2 protein chains.
Amino acid sequence: MMVIEQPTTQQLAHWLKVLAEPRRLQILNLLMAGVQCNCELGEQLALAPNLISHHLSVLRKAGLVEVERDAADARWVYYAINRPNLEVLNTAFAAFFDPGRIQARQPSCGPQATVVPDDLITVGCDS
Amino acid sequence: MMVIEQPTTQQLAHWLKVLAEPRRLQILNLLMAGVQCNCELGEQLALAPNLISHHLSVLRKAGLVEVERDAADARWVYYAINRPNLEVLNTAFAAFFDPGRIQARQPSCGPQATVVPDDLITVGCDS
DNA sequence: GATATAATTCAACTGTAGTTGAAGCATTGT
DNA sequence: ACAATGCTTCAACTACAGTTGAATTATATC
């Protein structure tokens with residue numbers, strides 16, 4: 001099972017994109033509630049099986065969902081939440097959208113800009 | 001200032017869609033860091049001012065960003081995070097993607113389905 | 001081996017949304 | 001009044017991604 005260790009902002013953006021599709025969000029929601037095979041999902045969402053398959057594939061490639069075949073009858077496929085990655089996602093979202101991160105405006109532009117006086121500008125190698 | 005009181009799953013999906021655009025996510029990130037006027041954002045993201053304006057408008061309509069004009073020179077526009085709504089968003093995300101919500105599979109389909117025996121099915125008005 | 005079932009894959013279509021480049025608006029300075 | 005600044009709006013273009021409907025795969029049953 002692929003586990004994302006340290007999610008970058010890019011990874012975060014990708015997850016957001018994957019989850020921004022309403023049907024996929026519903027699928028994830030149903031998976032979390034314990035529903036798990038293609039036919040059930042399709043029934044509950046009134047969606048053709050190929051579409052369910054497609055969206056599940058996107059969720060799987062994003063590492064949010066795992067797949068498993070029935071031991072007795074391998075025609076049946078069961079999907080499940082990739083818990084470790086969901087934990088990473090949840091933590092990453094909470095950190096990124098934490099209101100505590102909000103900084104007061106630092107005007108470096110416009111009438112209220114805090115301009116560095118010319119005689120304080122030094123020419124150096126620290127770029 | 002518009003404040004979202006009780007976010008629905010639909011509202012959540014809409015926020016996800018708005019944030020799924022990489023440049024918008026970057027803009028939100030910069031706003032949280034204290035950068036706030038169109039020109040600054042455009043400079044840091046190497047993006048044309050009309051695009052910044054467009055994306056900010058989307059963020060504003062989603063209730064994630066507030067706008068204010070400079071008191072001294074009204075040509076300058078400052079954008080800021082809508083803190084109350086970000087708090088709602090953060091809480092809603094944390095709740096929705098909480099791994100603790102994950103339920104064990106309840107097979108109602110496939111070989112392992114827990115079928116209700118015929119003699120236990122009652123005919124009533126409780127639909 | 002032939003048929004049925006559960007799911008996946010494929011090519012073609014379509015609609016949405018980000019981009020482009022130009023015009024427009026509000027405000028300020030000369 | 002005129003030009004400049006900062007930003008917004010607009011119509012046309014383009015690309016990506018969800019949908020559609022059919023074909024394909026894999027497994028199981030007769």
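Since we're looking at a predicted model, the values are computed, not measured. Hydrogens, waters and symmetry mates play no part in the numbers below; they use all other heavy atoms, side chains included. Naming convention: chains lettered A, B, ... in sequence-line order (proteins, then strands); numbering from 1 in each chain.
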- Taking all heavy atoms of A/R24 and all of A/V18, pick out the closest pair and write down the distance. NE-O, 2.6 Å
- Message: For residues 7-18 of chain B, which residue pairs pass the side chain to side chain donor-acceptor pair (under 3.5 Å) check, not counting sequence neighbours?
- Response: none
- Query: Under the side chain to side chain donor-acceptor pair (under 3.5 Å) test, which residues partner A/E40, sequence neighbours left out?
  - Reply: B/S108
- Task: Give a yes/no verdict on a cation-pi contact between B/R105 and A/Y78, requiring under 6.0 Å between NZ or CZ and the six-membered ring centre and an angle within 45° of the axis.
- Result: yes
- Message: For the residue pair B/R60 and B/Y79, would you count it as a cation-pi contact if the rule is NZ or CZ under 6.0 angstrom from the ring centre and within 45 degrees of the ring axis?
- Response: no
- Task: May I ask you to list the residues of residues 41-56 of chain B, by number, that have any heavy atom positioned under 4.0 Å from an atom of DNA chain D?
- Result: B/P49, B/N50, B/S53
- Note on the structure: Footprint ends on DNA chain C, 5' to 3', for atoms under 4.0 angstrom from a heavy atom of chain B, come out as C/dA17 to C/dT28
- Non-neighbouring partners of B/E87 that pass salt bridge (Lys or Arg N to Asp or Glu O under 4.0 Å), sequence neighbours left out: B/R83
- side chain to side chain contact (heavy atoms under 4.5 Å, CB included) with A/N38: which residues, sequence neighbours excluded? A/P49, A/I52, A/S53
- Message: Is any side-chain heavy atom of A/L56 closer than 4.5 Å to one of A/L31?
- Response: yes
- Query: Got a sec? Which of residues 69-79 of chain B come in under 4.0 Å of DNA chain C, heavy atoms?
  - Reply: B/A72, B/D73, B/A74, B/R75
- Message: Taking side chain to side chain donor-acceptor pair (under 3.5 Å) as the definition, give me every residue that meets it alongside B/N29, ordered by chain and number, with sequence neighbours left out.
- Response: A/R101
- Please list, chain by chain and in numerical order, all residues satisfying salt bridge (Lys or Arg N to Asp or Glu O under 4.0 Å) with A/R75, sequence neighbours excluded. A/D73
- Query: Excluding sequence neighbours, so at least two apart, what forms side chain to side chain contact (heavy atoms under 4.5 Å, CB included) with A/Q44?
  - Reply: A/L30, A/V35
- Message: For DNA chain C, which residues of residues 12-25 of chain B approach it to below 4.0 angstrom with any heavy atom?
- Response: B/K17, B/E21, B/R23, B/R24
